[in-house]
Amino acid sequence: MHTFRNWLSLILLFTGIVALAQEKEVITIEYAGTGYTDPNIKEGGKVFLRDKSQQVHFIHKGVDMWCDKAIYYEDQDFIEAFSNVLVKQGDSINMVAKYVEYSGITQLAIASGDVVLTEPQSVLSTDTLYFDRVKQQAFYKTRGKVVRDTSGTITSQIGRYYLNARKYQFIQDVELVNPDYTLNTERLDFFPDTGYAYLFGPSTIVGEGSKVYTERGFYDTNNDTGHFQRNARVDYDNRTVEGDSIYFDRNRNFASATNNITVTDTINNSIVKGHYAEVWRNQDSVFITKRALAITLQEKDSVYVHADTLMVTGKQDNRITRAYYNVRLYKSDLAGKSDSIHINHNTGLTQMINLSRFSSSDAFATARKPVLWNMGNQMTGDTIHLISNVKTEKLDSLKVFNNAFLVSNDSLSEDGYNQIKGQRLIGLFRDNELYNVDIIKNAEVIYYSRNSANELVGINKSKSGSINIQIEEQEIQEIRLINQIDGELYPESKFPRSGKRLRGFDWRGEEQPKSVEDLFIGDPPLDLPKISGLRDYVPPEEFIDDEVKERVEAAGKSAPNKVNKAARNLPSPASPSSTKKKPAFAPVSQTKEKKKTDSPTKTKDE
């Protein structure tokens, strides 16, 4: 029993020694052509040189390093590697440099001189690179470049690579150059495996035929698609799309926007607004809904069209606007309502249409019947065509097809209305005011005739084949009955009350929009989706944080009477003022060693 206890004690002691040795695993020199102690090297460093067949090779906790020359400080477990340095971590991470120093205690490496870090999906090159094996992070602040075949080349003043997360973080003067576009931003989080890029701060993506601006967004560099928020904007040739959130597809030349959207057409001087939109660049088309509003900008008076859905299609010389469902139109001297509107901007033709899906027996047929108001006159019919002069931007004429009805209120009577109806109506405008009206076929009229003192002379009720009306200053001056069938001028007292309204009379003055705001009266409440997007920008933690400082302090305790080599050349905080390019790393001891080291394998960097 006593013997068993002794053996158990020995086994436990041996296990503890092995565990302690593993915990404090030191740098191991695997191969060197020559090794010696140079009295001119302070603090007892040992020099190792390559031979003709192999470089100096040393390992530490799964990392292999090769170089032409090395100086190893055993008491601090610190090594300096010179010339043609190659570092390998596992099968996927390789780094080459002219010079590397590494602490086996802190596991911090500093590489300088044409540094290139290669991982499966990208290649990072810079002047000086800091590498923390504990946190598995690489860091530079002297400008660096990352090349990824499918995404392009990324450069920045400051950069960090998180090996475990396989993520790059680029800060300050970031530029991604791709054959199809150039991306500029102030911070870019990039995942090389997926090609995902996250943008923070004012950012632009400029390609052939398009330019994206955003202050927060995501871009898939593999598929050329993105989501953008915070003052997001896409410029397509002469059309600009703005919104709270924009989806962008470069390959399809497509963009969609959500919430508070404005699409501006600088060629046709038009603006479309709403809360959901789709833009197709190749088709030169815009689809927009949710409080959709189209604005045709004119020098003196703009035209506003509001509908449930708007579509603008066609090139500059053949631009068409289509508005669907409960369309309302407003201009300072003109207003209208219709089920649908079709506008040809090239010919100046506006068609107000009541779709055939609404039959005469439909309860909503009357409400959706096209109506137009101009200077006190109301015109209705199954279809209304309004023609404008595209050069002068003034109204030229209008046509009302089938069941044409012209009504104006006789302002001096209590409930009197001047009424003219027929199969068709043709009206002419002068300076945007209706001055001539022809009612064609089956014409009927009720007209309150007054003298120059505005005294009622009588009420004229007539029928004829057609009627011509002359209007001045919004007042009917003359009515000519052509092919008159019958008619009579009644004194007001003898005019039958049952005959005051022609069949089909429908005064809709209370529906007339009298401002842009009136276009939205009666719309259902707007329920917009909540857009969260990326979280606010959070500055990255310092590369040399408290945990790293503790490791550096611990390294100094291994040789308390000597200068702590693990503490030298550490990067200062990565503030903008500290990012100016500095000379390549050159340790002080290196220049002194050049004079005394004489070997056949001396290189330029020694």
Side-chain angles (χ1 to χ4, degrees), residues 60-67 78-81 85-148 151 153-174 176 187-198 539-545 547-549 551-552 566-575 578-579 581-582 584-585:
H60 184 252
K61 291 189 175 181
V63 165
D64 289 81
M65 185 183 297
W66 293 266
C67 62
F78 186 88
I79 197 163
E80 295 176 295
V85 184
L86 170 62
V87 181
K88 285 192 173 184
Q89 178 177 284
D91 297 328
S92 59
I93 303 297
N94 291 347
M95 182 177 71
V96 297
K98 291 182 178 180
Y99 172 83
V100 172
E101 61 180 45
Y102 175 72
S103 168
I105 300 174
T106 66
Q107 298 190 63
L108 291 174
I110 301 175
S112 65
D114 300 332
V115 183
V116 178
L117 177 70
T118 304
E119 57 94 25
Q121 298 295 335
S122 62
V123 177
L124 164 64
S125 58
T126 186
D127 180 72
T128 301
L129 186 70
Y130 306 90
F131 191 88
D132 186 338
R133 293 194 58 215
V134 175
K135 294 191 294 184
Q136 287 292 288
Q137 291 183 20
F139 171 75
Y140 67 81
K141 61 173 185 173
T142 53
R143 193 156 189 81
K145 177 174 70 174
V146 171
V147 178
R148 182 175 184 266
S151 300
T153 300
I154 306 174
T155 56
S156 69
Q157 192 65 38
I158 303 170
R160 191 178 303 193
Y161 180 50
Y162 300 83
L163 276 73
N164 292 335
R166 302 187 67 78
K167 163 189 169 182
Y168 282 100
Q169 187 173 84
F170 303 100
I171 298 174
Q172 192 176 334
D173 302 330
V174 184
L176 188 160
R187 171 177 162 181
L188 177 70
D189 288 359
F190 182 74
F191 293 83
D193 289 353
T194 60
Y196 290 171
Y198 296 85
E541 70 282 0
E542 293 294 342
F543 184 76
I544 304 299
D545 58 15
E547 187 272 333
V548 176
K549 291 176 182 178
R551 278 188 269 150
V552 172
R568 69 179 190 174
N569 301 314
L570 296 179
S572 56
S575 62
S578 66
T579 58
K581 191 168 183 178
K582 300 177 181 179
F585 182 86

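Remark: Lys167 fails to qualify as a cation-pi partner of Tyr198 under the 6.0 Å distance and 45° angle criteria applied to the six-membered ring.
The distance from atom CD1 of Ile544 to atom CG of Leu570, rounded to the nearest 0.5 Å, is 5.0 Å. Atom NZ of Lys61 is separated from atom CD of Gln107 by 4.5 Å, given to the nearest 0.5 angstrom. Remark: Phe191 CZ to Tyr162 OH distance equals 10.0 Å, nearest 0.5 Å. For the atom pair CG of Asp132 and CD of Glu547, the computed distance is 7.0 Å after rounding to the nearest 0.5 Å. Remark: Glu119 CD to Gln89 CD distance equals 12.0 Å, nearest 0.5 Å. Put simply, NZ on Lys88 and CD1 on Ile93 are 12.0 Å apart, with the number rounded to the nearest 0.5 Å.
Thr126 places no side-chain N or O within 3.5 Å of a backbone atom of Leu129 that could act as its donor or acceptor partner.
Under the 4.0 Å criterion applied to side-chain N and carboxylate O atoms, Lys98 and Asp114 are assigned as salt-bridge partners. Between Glu541 and Arg160 a salt bridge is recorded (basic side-chain N to carboxylate O distance below 4.0 Å). Under the 4.0 Å criterion applied to side-chain N and carboxylate O atoms, Glu101 and Arg568 are assigned as salt-bridge partners.
Closest heavy-atom contact between Phe543 and Pro571: CD2-CG, 4.0 Å. Minimum interatomic distance between Pro540 and Arg187 (heavy atoms only, all atoms of both residues): CD-NH1, 4.5 Å. Minimum heavy-atom separation, Tyr140 to Ser156: OH-OG, 2.7 Å. Across every non-hydrogen atom of Leu108 and Val552, the tightest pair is CD1-CG2, 4.1 Å. Looking at every heavy atom in both residues, Ala97 comes nearest to Val100 through CB-CG2, 4.1 Å. For Lys135 against Asn164, the heavy-atom pair with the smallest separation is O-ND2, 4.3 Å.
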Under the criterion side-chain contact (heavy atoms from CB on, under 4.5 Å), I'd like the reasoning laid out for Gln157 against Phe170: C-alpha separation, chi angles, the key distance, then a yes or no.
CA-CA 8 Å; Gln157 192 65 38; Phe170 303 100; over 6 Å; no
Leu124 vs Tyr168, test: side-chain contact (heavy atoms from CB on, under 4.5 Å). Steps then yes/no.
CA-CA 10 Å; Leu124 164 64; Tyr168 282 100; 3.9 Å; yes
Walk me through whether Tyr102 and Glu80 qualify under side-chain contact (heavy atoms from CB on, under 4.5 Å).
CA-CA 7 Å; Tyr102 175 72; Glu80 295 176 295; over 6 Å; no
Please determine whether side-chain contact (heavy atoms from CB on, under 4.5 Å) holds for the pair Val548 and Thr106, giving the CA-CA distance in whole Å, both sets of side-chain angles, and the decisive distance to 0.1 Å.
CA-CA 8 Å; Val548 176; Thr106 66; over 6 Å; no
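By the 30° and 60° cut-offs, the orientation of the rings of Phe139 relative to Tyr130 is tilted.
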